[in-house]
Amino acid sequence: MRIGMGYDVHAFSDGRPLILGGVEIPHSRGLLGHSDADVLVHALMDAILGAMRAEDIGAHFPDTDPMYEGASSVLLLESVAGLMRDQGFRLVDADLVLALERPKVSLHRDAIRQEIATRMSVSVDQVGLKATTTEGLGFVGREEGVAAWAVVLLEQD
Ligand code: MG
């Protein structure tokens with residue numbers, strides 16, 4: 001058994017769609033990044049790579065590479081899931097946390113869990129998601145950005 005943890009932050013920006021866990025969430029602003037800035041999927045990929053002791057997403061998908069400009073992060077997640085399986089690992093469980101003031105994620109929780117489960121070819125029961133505010137404190141509280149954490153448990157053959 002291996003555990004992995006991932007963390008990521010992206011800043012809000014006008015004129016961008018808000019993509020969380022591969023699902024477009026209606027909001028006045030989105031997140032800024034080289035890819036689609038899917039902060040939740042980035043944290044999850046880093047958790048998986050961490051458990052595999054396989055560096056991090058910056059090493060696998062450099063943000064200096066034009067190939068990943070505007071990239072859909074769930075496609076990158078599919079690639080990480082494939083790498084995981086190729087190396088004999090299986091996802092036992094994942095739990096994810098989003099910190100943001102707005103918009104409310106609970107309405108989209110199951111859609112996000114399902115999207116991630118589908119991209120990873122696992123059951124939706126293996127993907128947990130919670131969202132919290134920070135009670136107005138810090139960059140999340142000022143609505144400057146979104147933070148995400150992920151923990152995963154992998155089993156190796
Ligand atoms: Mg990121």
Side-chain angles (χ1 to χ4, degrees), residues 1-13 15-27 29-100 103 105-132 145-157:
M1 294 283 196
R2 291 280 188 81
I3 58 167
M5 178 173 182
Y7 171 67
D8 196 25
V9 169
H10 280 267
F12 274 119
S13 173
R16 304 251 311 172
L18 178 61
I19 312 287
L20 295 173
V23 174
E24 186 168 343
I25 312 285
H27 193 49
R29 293 182 299 166
L31 296 173
L32 191 61
H34 185 67
S35 66
D36 64 1
D38 190 332
V39 66
L40 187 62
V41 168
H42 292 183
L44 174 59
M45 290 192 288
D46 257 353
I48 295 165
L49 292 169
M52 294 168 60
R53 311 294 184 259
E55 301 186 271
D56 55 30
I57 55 171
H60 288 264
F61 312 111
D63 65 7
T64 48
D65 188 334
M67 190 173 144
Y68 301 117
E69 192 174 338
S72 169
S73 295
V74 285
L75 295 180
L76 305 183
L77 177 63
E78 285 182 358
S79 150
V80 167
L83 189 68
M84 187 186 82
R85 286 189 294 269
D86 289 349
Q87 295 192 12
F89 288 99
R90 175 181 84 80
L91 179 75
V92 177
D93 207 45
D95 197 25
L96 316 172
V97 177
L98 275 170
L100 74 174
V105 171
S106 54
L107 298 170
H108 309 283
R109 184 202 313 268
D110 289 341
I112 292 172
R113 292 175 60 221
Q114 185 61 64
E115 175 67 10
I116 288 172
T118 301
R119 299 292 182 165
M120 293 211 63
S121 306
V122 298
S123 151
V124 70
D125 294 339
Q126 288 162 274
V127 181
L129 172 63
K130 300 177 299 297
T132 184
V146 177
W149 292 261
V151 290
V152 299
L153 181 64
L154 303 188
E155 188 175 41
Q156 195 169 20
D157 294 341

Just by modelled atom types, is the [Y] backbone N or O under 3.5 Å from a matching donor or acceptor in the [X] side chain?
| X | Y | value |
| --- | --- | --- |
| D46 | I57 | yes |
| H60 | A54 | yes |
| R2 | L154 | no |
| Q87 | M52 | no |
| H10 | A37 | no |

Checklist entry - Quick one: salt bridge (Lys or Arg N to Asp or Glu O under 4.0 Å) pairs with a partner in residues 35-44, sequence neighbours left out? => result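 For residues 35-44: none.
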Next on the checklist: Taking the basic N atoms (NZ, or NE/NH1/NH2) and the acidic carboxylate oxygens, is any pair closer than 4.0 Å for R90 and D157?
Outcome noted: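 Looking at D157 together with R90, the answer is no, because their closest N to O distance does not fall below 4.0 Å.
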Checklist entry - Of I112, I116, V74, which is the lone residue that meets side chain to side chain contact (heavy atoms under 4.5 Å, CB included) with V23? => result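 When I112, I116, V74 are each tested with V23, the side chain to side chain contact (heavy atoms under 4.5 Å, CB included) holds only for I112.
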Taking all non-hydrogen atoms of both residues, which atom of [X] and which atom of [Y] are closest, and how far apart?
| X | Y | answer |
| --- | --- | --- |
| W149 | Y7 | NE1-CD1, 3.3 Å |
| R16 | L32 | NE-CA, 4.0 Å |
| Q126 | L91 | NE2-O, 2.9 Å |
| R119 | L75 | NH1-CD2, 3.7 Å |
| H108 | P26 | CE1-CD, 3.9 Å |
| V92 | E155 | CG2-CB, 3.6 Å |

Next on the checklist: The test is side-chain contact (heavy atoms from CB on, under 4.5 Å); show your working for H34 and T64 and say whether it passes.
Outcome noted: CA-CA 8 Å; H34 185 67; T64 48; over 6 Å; no
Next on the checklist: Apply side-chain contact (heavy atoms from CB on, under 4.5 Å) to residues L44 and V152 and explain how you reach the verdict.
Outcome noted: CA-CA 8 Å; L44 174 59; V152 299; 3.7 Å; yes
Say you draw a straight line from [atom1] of [X] to [atom2] of [Y]; how long is it, rounded to the nearest 0.5 Å?
| X | Y | atom1 | atom2 | result |
| --- | --- | --- | --- | --- |
| L49 | M84 | CG | CE | 10.5 Å |
| M120 | E78 | CE | CD | 10.0 Å |
| L100 | L31 | CG | CG | 8.5 Å |
| M45 | S79 | CE | OG | 8.5 Å |
| L20 | E115 | CG | CD | 12.0 Å |
| L98 | K130 | CG | NZ | 10.0 Å |

Checklist entry - What do you reckon, is CD1 of I3 surrounded by more than 12 foreign heavy atoms closer than 6.0 Å? => result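 No, because the 6.0 Å sphere around CD1 of I3 holds 12 heavy atoms or fewer from other groups.
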Item to check | Steps toward side-chain contact (heavy atoms from CB on, under 4.5 Å) verdict (V146, L40) | outcome: CA-CA 9 Å; V146 177; L40 187 62; over 6 Å; no
Checklist entry - Do the side-chain N and O atoms of H42 and D8 include a donor-acceptor pair separated by under 3.5 angstrom? => result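 Side chains of H42 and D8: pair found under 3.5 Å.
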Item to check | Results of ring pair (Phe, Tyr, Trp, His ring centres under 6.0 Å) for H27 - residues two or more places apart only | outcome: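 Counting only residues at least two positions away or on another chain, H27 forms a ring pair (Phe, Tyr, Trp, His ring centres under 6.0 Å) with F12.
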Item to check | Flag side-chain contact, heavy atom, 4.5 Å: I25 against P103 | outcome: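 Yes. Closest side-chain heavy atoms under 4.5 Å.
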